[in-house]
Structure formats: structure tokens, C-alpha cells
Amino acid sequence: MVDLGNITYGVDGLIPAVVRCAPSGDVLMLSHLNAEAVEQTLASGLLYRYSRSRKALVAPDADAPQRVTEMRLSCSGDCLLVAVEQGGASRNCFKTVLFQQQDAVAEEQADILEQVYQVVLQRRDNPSQKSYVASLFAKGLDKILGKIGEEATETAVAGKGGQPDEVVYEVADLFFHVLVLLGYYDLPPERIYAELRRRFGLSGIEEKASRKA
Ligand SMILES: N=c1c2ncn([C@@H]3O[C@H](COP(=O)(O)OP(=O)(O)OP(=O)(O)O)[C@@H](O)[C@H]3O)c2ncn1[C@@H]1O[C@H](COP(=O)(O)O)[C@@H](O)[C@H]1O
């Protein structure tokens, strides 16, 4: 779950933990754990935390322990993400929810890239005279790359222009042509999402420095 050696505790000896309900994904609370709480949690599979007001370790509630199904450490090592299931009588019934699960909304918004990508593949594999995408594939890779360069330049010009709507329009053009390039190489958007997730929390300056080492 978590490599203890990679945890960076704050000056107060604590690490913040975002606690989510495993079944629903809802964010339940922001907890803090000290080293003992982390160790007890990993050893027992039940969530131990540290109370900053009481300045003491808080053991799981015997009647309603929170069973940890997943515990992840941010790339920077200074934040935990903990997924829990409610045990005991009030199983899966939490009293407080900080944030309702927003993933469904996020997925719906992100999904348009996947949807356009699927149309791109369809046009690539079933070309028609009426299809702009098919016309790009017919002209070949250099044409697709040229459009990306063109749209990137237009995005930069829009960025300079001070008109947010123009930026949106040009970035949409750029994203679309990038999707055509991804289609050329059979690379679904998920491959890009995965790479961004891999980099998430990794400082760009640190990452660059590590390349030289
Ligand atoms: N999202 C887009 C999209 N965004 C921009 N464009 C087109 O990209 C082109 C870029 O604009 P330009 O002014 O640079 O075009 P242009 O000067 O005609 O281009 P070139 O002559 O330089 O190649 C325009 O023709 C836009 O209509 C798009 N074309 C298609 N899509 C999506 O792709 C799907 C399939 O499209 P078709 O293949 O045309 O059916 C559509 O349903 C949409 O979802």
C-alpha cells in the first residue's frame, strides 16, 4: 500500500490524509496521521488517526471501525489518500460527507475527448468525401502535423490577444487535431491521461533535475 520510508511528515510530525468512502468515492474528511497512526493502520487494516486537538492517537471506533481498502501516498510523499469501508452496525453509512463524488461529472466532461477520438478512428477506417478527418488522413502524417503546428500557433496568438473565448476556440482546434494525431498512432486519450497521472504531484523542476543525475 504505502512505503513508510517515502513518507514526508510535516514539522508537526503529521501527514494529512484525504479519507474517501471506498464504495461511493465521496470525500469524508481530512484527517492527520502521525507515524504511529500510519503504522497501526497498515498493521491492522483499520484507520487510526491523530487528533490535533487532543494531541493523541485515535484508535478505530470499536462499533464502527473504518476498514482501509486502499492507502496511497502522493508522489511528493506529503499527503495520503485513504479509501475506507465502514465496518460494524452502520456499515457503509457515514454520518458526514465533505464532498459528494464528482467523478461522474468529471468523467462526463473528460469523455468528449474519448468520444471525438472514436469518431476519428471511425473516419480513418471508413473514409468518406464528406469527412474532414478522412481528408486529413488522406493527405497523410505531414498534413496532420502541419495542422497541429498551425493550431498551436493560433493558440499562442489567441493567448496574446486577451480574448478568453478566442483561447477556448483555438485550444479546441488544437485538441481536435492532436486527437487526429493520436488516431494516426492508435493512441487512445487514456494513454495521455495515464502519463499525466504518473506525473501528477511530481515537481517539474525536480523531475528535470533528476534527468541530469
Ligand atoms: N472537433 C472537430 C473539429 N474541430 C475543428 N475542426 C475542423 O478543423 C478545420 C480547422 O480549421 P481551419 O480553418 O484550419 O481549416 P482549413 O483551413 O479548411 O484546413 P486546411 O485546408 O488547412 O486543412 C476546420 O475545417 C474545422 O471544421 C473539426 N472537425 C471535426 N471535429 C470533430 O470530428 C468529427 C468528425 O468530423 P468529420 O470527419 O468532418 O465528419 C466531428 O463530428 C467533430 O466531432
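Worth knowing before you read on, the calculation uses all heavy atoms, side chains too, and leaves out hydrogens, waters and symmetry mates. Whatever order the structure lists them in is the order used to number ligands and atoms, beginning at 1. Just so we're clear, the structure is a prediction, and the values are computed from it rather than from any experiment.
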Protein heavy-atom partner closest to atom 36 (O) of ligand 1 - residue, atom, separation in Å: V133 CG2, 3.8 Å
What do you reckon, does E150 have a nitrogen or oxygen under 3.5 Å from a nitrogen or oxygen of ligand 1? yes
Quick check on atom 18 (O) of ligand 1 - does any protein heavy atom sit closer than 4.0 Å to it? no
Of all protein heavy atoms, the one nearest atom 11 (O) of ligand 1 is E151 OE2, 4.1 Å
Mark yes when over 12 heavy atoms from residues, nucleotides or ligands other than Q129 sit less than 6.0 Å from its CD; otherwise mark no. no
Of Q122, E154, K147, K143, the one whose closest heavy atom lies nearest atom 14 (O) of ligand 1 is K147
Looking only at atom types and distance, does a side-chain atom of S44 sit under 3.5 Å from a main-chain N or O of Q40, one as donor and one as acceptor? yes
Closest candidate by heavy atom, reference atom 9 (C) of ligand 1, pool F137, Y132, F176: Y132
Non-hydrogen protein atom less than 4.0 angstrom from atom 34 (C) of ligand 1: yes
Any chance you could measure L80, atom CG, to L33, atom CG, to the nearest 0.5 Å? 6.5 Å
Under 4.0 Å from atom 27 (O) of ligand 1, is there any protein heavy atom? no
Is the number of heavy atoms from other residues, nucleotides or ligands under 6.0 Å of R52 CZ greater than 12? no
Any idea which atoms of ligand 1 are less than 4.0 Å away from a heavy-atom of D173? 4 (N), 5 (C)
So is Q115 in contact with ligand 1, going by heavy-atom distances below 4.0 Å? no
Go through ligand 1 atom by atom and flag the ones less than 4.0 Å from a non-hydrogen atom of V119. 34 (C), 35 (C)
Over 12 foreign heavy atoms within 6.0 Å of CD1, I205: no
Can you report which non-hydrogen protein atom sits closest to atom 44 (O) of ligand 1, along with the distance? V116 CG2, 4.1 Å
Could you please spell out the steps behind the side-chain contact (heavy atoms from CB on, under 4.5 Å) verdict for M71 and V38? CA-CA 10 Å; M71 193 162 168; V38 171; 4.2 Å; yes
How are the rings of Y184 and F137 set to each other: parallel, tilted or perpendicular (split at 30° and 60°)? parallel
Does atom 39 (O) of ligand 1 have a protein non-hydrogen atom under 4.0 Å from it? yes
Atom CG in L179, atom CD1 in I144: separation rounded to 0.5 Å? 11.5 Å
Ignoring hydrogens and geometry beyond distance, is a side-chain donor-acceptor pair present between Q118 and E114 at under 3.5 Å? yes
Contacting atoms of ligand 1, where contact means under 4.0 angstrom from a heavy atom of H177: 8 (O), 10 (C)
